[in-house]
Amino acid sequence: IMSCNILINGYFQIGDLDTARNLFDEMPDRNVATWNAMVTGSIQFEYNEEGLSLFREMHELGFLPDEFTLGSVLRGCAGLRALYAGRQVHGYVTKCGLEFNLVVGSSLAHMYMKSGSLEEGEEVIKSMPIRNVVAWNTLIAGKAQNGYSEGVLNQYTMMKIAGFRPDKITFVSVISSCSELATLGQGQQMHAEAIKIGAGSIVSVISSLISMYSRCGCLEDSMKAFSEREDEDVVLWSSMIAAYGFHGRGAEAIELFEQMEKTDWEAN
RNA sequence: CUUAUCGAGCAUUC
C-alpha cells in the first residue's frame, strides 16, 4: 500500500492525474494515506468538488480523516467558498480536538476568511495557543482580501512584536493593502523592510510594489521596481502594463505587451 | 508514504 501511495503522489506531482486515479482504482487495499493522496492531489489541481466527494466517500467507508485530510479538505472548501460544508468540517475538527493544530487551524481560518467570514476566521486564529508565520500570514492575507486594510497594517506590527519574521507572503499582503489605501509612506516603508529582509527582488513582491507605486501616482518608482526584477512572469509584466495604462501611457503599455508576446510564457 | 497562507489586470447583481 505504501509504495502505491508514493506512486500516486508522484503522479500527481508530475500532473498525470489519470494515472494516479487508475492506480488508486486498481488498489485492492487502501489506507488513510491513500485517500489523503487522492484528496490532496485533486484539490491541488483545483478539482475541489472531486476532492470533497472523495472525502465523503472515505468517511462513509469508515476511514477516519486525520490532520492531513482536514487540511486539504478545508483548502477545497475555501476554493469553493463552501461555508456550509466548511462549518461541517469544523464540527468534525472540534470533535477530534484538532482545532489547535497549526495546519488545521490555519486551514480553518483560511476557509472562513476566503468565504467572507472574517470574524470567524479571526476567532479561530486568536484561539490558537501557538502561531507560526503561516498562521499570521493567513490572518493578514484574510484581512487584506476582505478589504480590511487598516487591520492588515496593525496585524503586521503585532506579528513583528511577537518576534516573527515576515516573508514574501506577508509583504505581498501588506503592500497590496497600502496600494488599496494609496498610502505611499507606509508602502515605501514596507518596501524598505522587504529589502532589509532580502525579499526585495522576489517577483510577487515586485508585482505588488509596481501596483502600489502606480496607484500612489509614482509611475517612475513602478518602472524602477520593474527594472530590479531578477525573474520574470506573466503577473509581473501585467502589473507593469497595467501601471502604464493607468497613467495613460498607452504606447509603452503596448510596447511591453509586444515584447511579452515574444517570450514563451503566454499572455492570459 | 500524504496536509495549510501570497501578487497584476479584466469580468459578475442593480
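In what follows, every chain begins at residue 1, and chains take the letters A, B, ... in the order their sequences are listed.
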>> Can you build the contact string for nucleotides 9-14 of chain B? Use B for base contact, S for sugar-phosphate-only contact, and - for no protein heavy atom under 4.0 Å.
In response: S-----
> How many Å lie between CG on A/L70 and C1' on B/U2, as a whole number?
Replying inline: 13 Å
> What's the CE-C1' distance between A/M128 and B/U5, to the nearest Å?
Replying inline: 11 Å
> Are the ring of A/F68 and the base ring of B/U3 both nearer than 5.5 Å at their centres and tilted by less than 30°?
Replying inline: no
> Have A/Y112 and A/H90 got a donor and an acceptor in their side chains that come within less than 3.5 Å?
Replying inline: yes
>> Among B/G7, B/A8, B/U2, which nucleotide has an atom closest to any side-chain atom of A/S239?
In response: B/A8
> Rounded to whole angstrom units, what separation is found between the CE atom of A/M212 and the C1' atom of B/G7?
Replying inline: 13 Å
> side chain to side chain donor-acceptor pair (under 3.5 Å) with A/S117: which residues, sequence neighbours excluded?
Replying inline: A/E120
>> Which nucleotide wins on minimum distance to the side chain of A/S176, given the candidates B/U5, B/C1, B/G7?
In response: B/G7
> How is A/I1 classified with respect to the nucleic acid when contacts are heavy atoms under 4.0 Å: base, sugar-phosphate, or nothing?
Replying inline: nothing
>> Checking A/N9 now: which residues fulfil side chain to side chain donor-acceptor pair (under 3.5 Å) with it, not counting sequence neighbours?
In response: none
> How is A/A141 classified with respect to the nucleic acid when contacts are heavy atoms under 4.0 Å: base, sugar-phosphate, or nothing?
Replying inline: sugar-phosphate
> Hey, does A/N137 have a side-chain heavy atom less than 4.5 Å from the side chain of A/D167?
Replying inline: yes
> Which nucleotide in the set B/U3, B/A4, B/A8 lies at the smallest distance from any side-chain heavy atom of A/V235?
Replying inline: B/A8
>> It should be established whether A/Q145 places a side-chain nitrogen or oxygen under 4.0 Å from OP1 or OP2 of nucleotide B/C6.
In response: yes
> Which nucleotide in the set B/C6, B/C1, B/A4 lies at the smallest distance from any side-chain heavy atom of A/V172?
Replying inline: B/C6
> Do A/N101 and B/A4 have a side chain to base donor-acceptor pair shorter than 3.5 Å?
Replying inline: no
> Which nucleotide sits closest to the side chain of A/S208: B/C1, B/U5, B/G7?
Replying inline: B/G7
> The side chain of A/N137 lies closest to which of these nucleotides: B/U2, B/G7, B/U5?
Replying inline: B/U5
>> Which nucleotide wins on minimum distance to the side chain of A/N9, given the candidates B/U2, B/G7, B/C6?
In response: B/U2
> Can you find a side-chain donor-acceptor pair between A/N22 and A/T19 that sits under 3.5 Å?
Replying inline: no
> A/V203 near the nucleic acid: base, sugar-phosphate alone, or nothing, with a heavy-atom cut-off under 4.0 Å?
Replying inline: base
> So among A/Y92, A/F55, A/F68, which one has a side-chain contact (heavy atoms from CB on, under 4.5 Å) with A/V73?
Replying inline: A/F55
> If you link I, L, V, M, F, W and Y whenever their side-chain heavy atoms are under 4.5 Å apart, who else ends up in the same group as A/L209?
Replying inline: A/V133, A/W136, A/I140, A/V152, A/L153, A/Y156, A/M158, A/M159, A/F164, A/F171, A/V172, A/V174, A/I175, A/L181, A/L184, A/M190, A/I197, A/I202, A/V205, A/M212, A/Y213
>> Please confirm whether the shortest side-chain N or O distance from A/K114 to OP1 or OP2 of B/C6 is below 4.0 Å.
In response: yes
> Over how many whole Å does the gap from A/E180 atom CD to B/G7 atom P extend?
Replying inline: 11 Å
>> So A/D233, base contact, sugar-phosphate only, or nothing? Heavy-atom distance under 4.0 Å.
In response: base
>> Show me the pairs that pass side-chain hydrogen bond (donor to acceptor under 3.5 Å, both in side chains) and involve residues 64-76 of chain A, at least two apart or across chains.
In response: A/N36-A/D66, A/N36-A/T69, A/T40-A/S72, A/D66-A/T69, A/E67-A/N101
> How long is the line joining CG of A/D66 and C1' of B/U2, in whole Å?
Replying inline: 8 Å
> Which residues pass the salt bridge (charged side-chain N to carboxylate O under 4.0 Å, His left out) test with A/E232, sequence neighbours left out?
Replying inline: A/R229
> At under 4.0 Å between heavy atoms, what does A/S204 touch on the DNA or RNA strands: base, sugar-phosphate, or nothing?
Replying inline: base
> What is the distance, rounded to the nearest whole Å, between atom CG of A/L7 and atom P of B/U2?
Replying inline: 13 Å
> Which one, B/C1, B/G7, B/C6, comes nearest to the side chain of A/H110?
Replying inline: B/C6
>> Can you measure A/D231 atom CG to B/C6 atom P for me and round it to whole angstrom units?
In response: 20 Å
> Tell me: CG of A/N36 to P of B/U3, nearest whole Å?
Replying inline: 9 Å
